Amino acid sequence: MEAAIQKKATMFRLNVDLIERLKAMAKREHRSLNNFVECILLDVAYHEPNEVTKAAIDEARSGKLRDVPAIDTSSVEAMFKSVGL
């Protein structure tokens, strides 16, 4: 038999617009606001990105990609050409 997860009621002061947005997001997923917010917080608190993702985040934040030409997505052929394939 699994042990029951202990929970504690806590009060937060949040921006009214944020609360309304979270409620709408929870409703779209057919979940309670409490469950939706708890899952978001669990994800943030316990799931750290892997090394490849961290490297990609660092590269994006560095600004190195600002001067890279945009990828042409008008067609598959154009896309391949714009990425050098």
Side-chain angles (χ1 to χ4, degrees):
M1 183 175 201
E2 293 183 36
I5 297 173
Q6 292 185 344
K7 296 193 177 200
K8 180 178 180 178
T10 305
M11 188 171 98
F12 290 96
R13 291 178 174 268
L14 300 173
N15 177 295
V16 173
D17 293 335
L18 174 60
I19 293 170
E20 293 307 314
R21 182 172 173 89
L22 291 169
K23 282 180 181 179
M25 293 170 76
K27 185 176 182 177
R28 281 194 302 267
E29 294 189 18
H30 307 288
R31 295 163 60 185
S32 69
L33 176 62
N34 187 79
N35 174 265
F36 186 75
V37 172
E38 183 178 22
C39 287
I40 291 171
L41 293 174
L42 284 167
D43 188 46
V44 169
Y46 292 104
H47 295 104
E48 193 169 322
N50 64 30
E51 294 306 315
V52 173
T53 303
K54 287 180 187 178
I57 291 169
D58 290 342
E59 182 180 40
R61 287 180 177 161
S62 74
K64 292 178 189 175
L65 303 175
R66 287 192 182 113
D67 297 326
V68 174
I71 295 173
D72 184 352
T73 59
S74 61
S75 70
V76 173
E77 294 80 12
M79 182 184 69
F80 285 158
K81 185 177 179 183
S82 69
V83 296
L85 298 176

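Not measured: the values here are computed from a predicted model.
Linking ILVMFWY residues whenever their side-chain heavy atoms come closer than 4.5 Å, directly or via other members, places Leu33 and Leu41 in the same cluster.
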Donor-acceptor pairs under 3.5 Å, side chain of residues 43-55 to any protein atom, not counting sequence neighbours: which ones?
from	atom 1	to	atom 2	distance (Å)
Asp43	OD1	His47	ND1	3.0
Glu48	OE2	Lys54	NZ	2.6
Asn50	OD1	Val52	N	3.1
Asn50	OD1	Thr53	N	2.8
Asn50	OD1	Thr53	OG1	2.9

Going by atom type alone, with no hydrogens or angles, which donor-acceptor pairs under 3.5 Å involve a side-chain atom of residues 75-85 and a protein atom two or more places apart or on another chain?
from	atom 1	to	atom 2	distance (Å)
Ser75	OG	Ala78	N	3.0
Ser82	OG	Asp72	N	3.1
Ser82	OG	Ala78	O	3.3
Ser82	OG	Met79	O	2.9

Got a list of side-chain donor-acceptor pairs under 3.5 Å for residues 12-25, not counting sequence neighbours?
from	atom 1	to	atom 2	distance (Å)
Asn15	OD1	Asp17	N	2.7
Asn15	OD1	Leu18	N	3.2

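Taking the salt bridge (charged side-chain N to carboxylate O under 4.0 Å, His left out) definition, one finds that Lys7 meets it with Glu38, sequence neighbours left out. Evaluation of the side chain to side chain donor-acceptor pair (under 3.5 Å) rule for Gln6 yields no partner, not counting sequence neighbours.
Put simply, CD1 on Ile57 and OG on Ser62 are 12.5 Å apart, with the number rounded to the nearest 0.5 Å.
Considering every non-hydrogen atom in both Ala26 and Ser32, the closest pair reads CB-O, 3.8 Å.
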